[in-house]
Amino acid sequence: LSASERVLIMREKLQMPIAWAEELGIKLLLETHGPVTDNLGLMGDLLDKLGHEKTVGVCLDTGNCWLGGGDPFAYIKTFGQRIGHVHWKDMPAAMEKHRGKVFGCGMALIPLGDGVIGIEGVVNALTQIKTDVATTLEIAGFEAVQESAKRLKAWAR
(Lines give C-alpha, C1' and ligand atoms only; values in the text may rest on other atoms or scores of the structure.)
Protein backbone atom coordinates (compact mmCIF):
# COMPACT_ATOMS: atom_id res chain seq x y z
CA LEU A 1 0.00 0.00 0.00
CA SER A 2 1.09 3.55 -0.56
CA ALA A 3 1.56 5.85 2.41
CA SER A 4 -1.63 7.76 1.61
CA GLU A 5 -3.59 4.49 1.35
CA ARG A 6 -2.27 3.41 4.75
CA VAL A 7 -3.34 6.72 6.30
CA LEU A 8 -6.78 6.43 4.68
CA ILE A 9 -7.31 2.88 5.94
CA MET A 10 -6.23 3.80 9.46
CA ARG A 11 -8.50 6.83 9.39
CA GLU A 12 -11.45 4.68 8.32
CA LYS A 13 -10.74 1.96 10.92
CA LEU A 14 -10.46 4.50 13.76
CA GLN A 15 -13.82 6.21 13.25
CA MET A 16 -15.78 3.85 15.51
CA PRO A 17 -13.13 3.74 18.30
CA ILE A 18 -13.06 7.55 18.24
CA ALA A 19 -16.85 7.68 18.53
CA TRP A 20 -16.71 5.26 21.48
CA ALA A 21 -13.92 7.24 23.14
CA GLU A 22 -15.95 10.43 22.87
CA GLU A 23 -19.07 8.72 24.20
CA LEU A 24 -17.12 7.30 27.15
CA GLY A 25 -15.16 10.50 27.78
CA ILE A 26 -11.77 8.87 27.36
CA LYS A 27 -8.71 9.60 25.26
CA LEU A 28 -7.59 7.39 22.40
CA LEU A 29 -3.80 7.34 21.96
CA LEU A 30 -2.04 6.25 18.77
CA GLU A 31 1.21 4.49 19.59
CA THR A 32 4.37 4.89 17.53
CA HIS A 33 4.44 1.35 16.26
CA GLY A 34 4.44 1.07 12.47
CA PRO A 35 5.26 2.63 9.12
CA VAL A 36 2.61 5.34 9.50
CA THR A 37 2.95 6.18 13.18
CA ASP A 38 6.77 6.00 13.20
CA ASN A 39 6.90 8.58 10.41
CA LEU A 40 6.50 12.12 11.73
CA GLY A 41 4.86 13.45 8.57
CA LEU A 42 2.46 10.54 8.19
CA MET A 43 1.52 10.62 11.88
CA GLY A 44 0.81 14.33 11.54
CA ASP A 45 -1.24 13.70 8.40
CA LEU A 46 -3.22 10.97 10.15
CA LEU A 47 -3.88 13.11 13.22
CA ASP A 48 -4.92 16.06 11.03
CA LYS A 49 -7.30 13.91 8.99
CA LEU A 50 -8.77 12.27 12.09
CA GLY A 51 -9.44 15.60 13.77
CA HIS A 52 -10.91 15.14 17.26
CA GLU A 53 -7.88 16.79 18.84
CA LYS A 54 -9.35 16.54 22.35
CA THR A 55 -10.03 12.82 21.94
CA VAL A 56 -7.12 11.52 19.86
CA GLY A 57 -3.56 11.82 21.10
CA VAL A 58 -0.18 10.10 20.91
CA CYS A 59 1.46 7.34 22.90
CA LEU A 60 5.17 7.89 22.31
CA ASP A 61 7.09 4.62 22.47
CA THR A 62 10.69 5.78 22.50
CA GLY A 63 12.11 2.46 21.30
CA ASN A 64 9.50 1.78 18.62
CA CYS A 65 9.68 5.33 17.31
CA TRP A 66 13.46 5.27 17.01
CA LEU A 67 13.59 1.72 15.61
CA GLY A 68 10.96 2.55 12.97
CA GLY A 69 13.09 5.48 11.79
CA GLY A 70 11.44 8.24 13.80
CA ASP A 71 12.97 10.72 16.20
CA PRO A 72 11.42 10.92 19.68
CA PHE A 73 12.66 14.53 20.04
CA ALA A 74 10.82 15.56 16.86
CA TYR A 75 7.65 13.87 18.12
CA ILE A 76 7.84 15.81 21.36
CA LYS A 77 8.44 19.07 19.49
CA THR A 78 5.60 18.41 17.03
CA PHE A 79 2.98 16.65 19.14
CA GLY A 80 4.02 17.63 22.68
CA GLN A 81 0.66 18.51 24.20
CA ARG A 82 -1.00 15.55 22.45
CA ILE A 83 1.37 13.03 24.05
CA GLY A 84 -0.65 11.32 26.75
CA HIS A 85 1.54 8.33 27.54
CA VAL A 86 5.16 7.29 27.06
CA HIS A 87 6.47 3.75 26.75
CA TRP A 88 10.10 3.99 27.81
CA LYS A 89 12.72 1.78 26.24
CA ASP A 90 16.23 2.29 24.93
CA MET A 91 17.87 0.51 22.01
CA PRO A 92 21.40 -0.90 21.90
CA ALA A 93 23.79 0.16 19.11
CA ALA A 94 23.40 -3.31 17.55
CA MET A 95 19.85 -2.31 16.53
CA GLU A 96 21.02 0.59 14.34
CA LYS A 97 21.27 -1.71 11.30
CA HIS A 98 17.54 -2.48 11.67
CA ARG A 99 16.43 1.14 12.03
CA GLY A 100 13.73 2.10 9.55
CA LYS A 101 13.21 -1.54 8.56
CA VAL A 102 11.65 -2.99 11.72
CA PHE A 103 8.49 -1.56 13.25
CA GLY A 104 7.99 -2.23 16.92
CA CYS A 105 9.71 -4.42 19.41
CA GLY A 106 8.68 -5.97 22.69
CA MET A 107 10.68 -5.19 25.74
CA ALA A 108 14.06 -3.53 25.85
CA LEU A 109 16.80 -5.63 27.38
CA ILE A 110 18.99 -2.77 28.55
CA PRO A 111 18.43 -0.03 31.14
CA LEU A 112 17.34 3.41 30.01
CA GLY A 113 20.41 5.47 29.22
CA ASP A 114 22.58 2.55 28.11
CA GLY A 115 21.44 2.74 24.48
CA VAL A 116 21.60 5.08 21.51
CA ILE A 117 18.31 6.99 21.78
CA GLY A 118 19.41 9.65 24.28
CA ILE A 119 16.66 8.94 26.79
CA GLU A 120 17.84 11.52 29.34
CA GLY A 121 17.42 14.21 26.69
CA VAL A 122 14.00 12.85 25.74
CA VAL A 123 12.92 13.05 29.40
CA ASN A 124 14.20 16.62 29.62
CA ALA A 125 12.48 17.66 26.38
CA LEU A 126 9.20 16.17 27.52
CA THR A 127 9.29 17.65 31.02
CA GLN A 128 9.99 21.11 29.57
CA ILE A 129 6.63 21.11 27.81
CA LYS A 130 4.50 18.73 29.85
CA THR A 131 4.69 17.33 33.34
CA ASP A 132 1.62 15.11 33.61
CA VAL A 133 2.39 12.23 31.27
CA ALA A 134 1.64 8.64 32.26
CA THR A 135 4.58 6.34 31.62
CA THR A 136 5.38 2.65 31.35
CA LEU A 137 8.77 0.98 31.52
CA GLU A 138 8.91 -1.58 28.71
CA ILE A 139 12.08 -3.23 29.94
CA ALA A 140 12.83 -6.86 30.74
CA GLY A 141 14.95 -8.05 33.65
CA PHE A 142 14.81 -7.00 37.28
CA GLU A 143 18.16 -5.17 37.32
CA ALA A 144 17.40 -3.31 34.08
CA VAL A 145 13.98 -2.25 35.37
CA GLN A 146 15.42 -1.18 38.73
CA GLU A 147 18.20 0.90 37.13
CA SER A 148 15.80 2.41 34.57
CA ALA A 149 13.34 3.48 37.27
CA LYS A 150 16.15 5.05 39.30
CA ARG A 151 17.47 6.97 36.29
CA LEU A 152 14.04 8.04 35.08
CA LYS A 153 13.19 9.50 38.49
CA ALA A 154 16.49 11.38 38.63
CA TRP A 155 16.16 12.77 35.09
CA ALA A 156 12.56 13.88 35.66
CA ARG A 157 13.49 16.10 38.61
Checklist entry - So does Gln15 have more than 12 non-hydrogen atoms from other groups sitting under 6.0 Å from CD? => result yes
Next on the checklist: Please report the interatomic distance CG(Asn39) to OG1(Thr32), rounded to the nearest 0.5 Å.
Outcome noted: 12.0 Å
Checklist entry - Would you say the side-chain atoms of Ser148 pair up with the backbone N or O of Leu112, donor to acceptor, closer than 3.5 Å? => result yes
Checklist entry - If you take all heavy atoms of Val133 and Ile83, which pair is closest and at what distance? => result CG2-O, 4.0 Å
Checklist entry - Between Phe79 and Leu60, is any pair of side-chain heavy atoms under 4.5 Å apart? => result no
Checklist entry - Do other residues, nucleotides or ligands put more than 12 heavy atoms under 6.0 Å from the CD atom of Gln81? => result yes
Next on the checklist: Has Asp45 got a side-chain atom pairing as donor or acceptor with Gly41's backbone, closer than 3.5 angstrom?
Outcome noted: no
Next on the checklist: Given 3.5 Å as the limit, does a donor-acceptor pair link the side chain of Tyr75 with the main chain of Gly70, or not?
Outcome noted: no
Item to check | Separation of Leu47 CG from Leu30 CG (nearest 0.5 Å) | outcome: 5.5 Å
Item to check | Residue list, side chain to side chain contact (heavy atoms under 4.5 Å, CB included) with Asp48, at least two apart or on another chain | outcome: none
Item to check | Minimum side-chain heavy-atom gap Cys105-Asn64 below 4.5 Å | outcome: yes
Checklist entry - What residue pairs, at least two apart or across chains, pass side chain to side chain donor-acceptor pair (under 3.5 Å) with a residue in residues 92-105? => result none
Checklist entry - Would you find a donor on one side and an acceptor on the other, under 3.5 Å apart, between the side chain of Asp38 and the backbone of His33? => result yes
Next on the checklist: Could you walk me through whether Asp114 and Arg151 satisfy the salt bridge (charged side-chain N to carboxylate O under 4.0 Å, His left out) test, starting with their C-alpha distance in whole Å, then the side-chain angles of each, then the deciding distance to 0.1 Å, before giving a yes or no?
Outcome noted: CA-CA 11 Å; Asp114 283 4; Arg151 290 175 183 175; 2.8 Å; yes
Checklist entry - Within the side chain of Thr37, is there an N or O that forms a donor-acceptor pair under 3.5 Å with the backbone of Gly34? => result yes
Item to check | Non-hydrogen side-chain atoms of Met43 and Val36 separated by less than 4.5 Å | outcome: no
Checklist outcome for this item: So CG of Leu28 and CD1 of Ile18: to nearest 0.5 Å the spacing works out to 6.0 Å
Checklist entry - Regarding His87 and Thr62, is there a side-chain donor-to-acceptor distance under 3.5 Å anywhere? => result no
Item to check | Check: Trp88 and Ile119 side chains under 4.5 Å, non-hydrogen atoms | outcome: yes
Next on the checklist: Let me confirm one number: the CE-SG distance from Met91 to Cys65, rounded to the nearest 0.5 Å.
Outcome noted: 11.5 Å
Checklist entry - Hey, what do you get for NE2 (His85) to CD (Glu31), rounding to the nearest 0.5 Å? => result 8.5 Å
Item to check | side chain to side chain contact (heavy atoms under 4.5 Å, CB included) partner of Val56, chosen from Glu53, His52, Lys54 | outcome: His52
Next on the checklist: Counting C-beta onward and ignoring hydrogens, is there a side-chain heavy-atom pair between Trp66 and Lys89 closer than 4.5 Å?
Outcome noted: no
Item to check | Closest contact, heavy atoms only, Ile110 versus Ile139 | outcome: O-CG2, 3.8 Å
Checklist entry - Distance from Leu14 atom CG to Thr55 atom OG1, nearest 0.5 Å? => result 12.0 Å
Checklist entry - Are any side-chain N or O atoms of Arg11 and backbone N or O atoms of Lys49, one a donor and one an acceptor, separated by less than 3.5 Å? => result yes
Checklist outcome for this item: Heavy-atom nearest pair, Glu138 first then Gly106, reads OE1-O, 4.1 Å
Checklist entry - Looking only at heavy atoms, what is the nearest atom pair of Ala140 and Leu109, with distance? => result CB-CD2, 3.9 Å
Checklist entry - Shortest non-hydrogen contact from Ala125 to Phe73? => result CB-CD2, 4.2 Å
Checklist entry - Leu40, Ile129: one ILVMFWY side-chain cluster at the under-4.5 Å cut-off? => result yes
Next on the checklist: So Pro92 and Val116, do their side chains get closer than 4.5 Å, heavy atoms only?
Outcome noted: no
Checklist entry - Quick check: does any side chain N or O of Glu22 sit under 3.5 Å from a backbone N or O of Ala19, one acting as donor and the other as acceptor? => result no
Checklist entry - Does a side-chain heavy-atom distance below 4.5 Å link Leu137 with Leu152? => result yes
Next on the checklist: Please find the pair of heavy atoms, one from Gly51 and one from Arg82, that lie closest to each other, and give the distance.
Outcome noted: O-NH2, 3.9 Å
Item to check | Val58 side chain near Leu29 side chain, heavy-atom distance below 4.5 Å | outcome: no
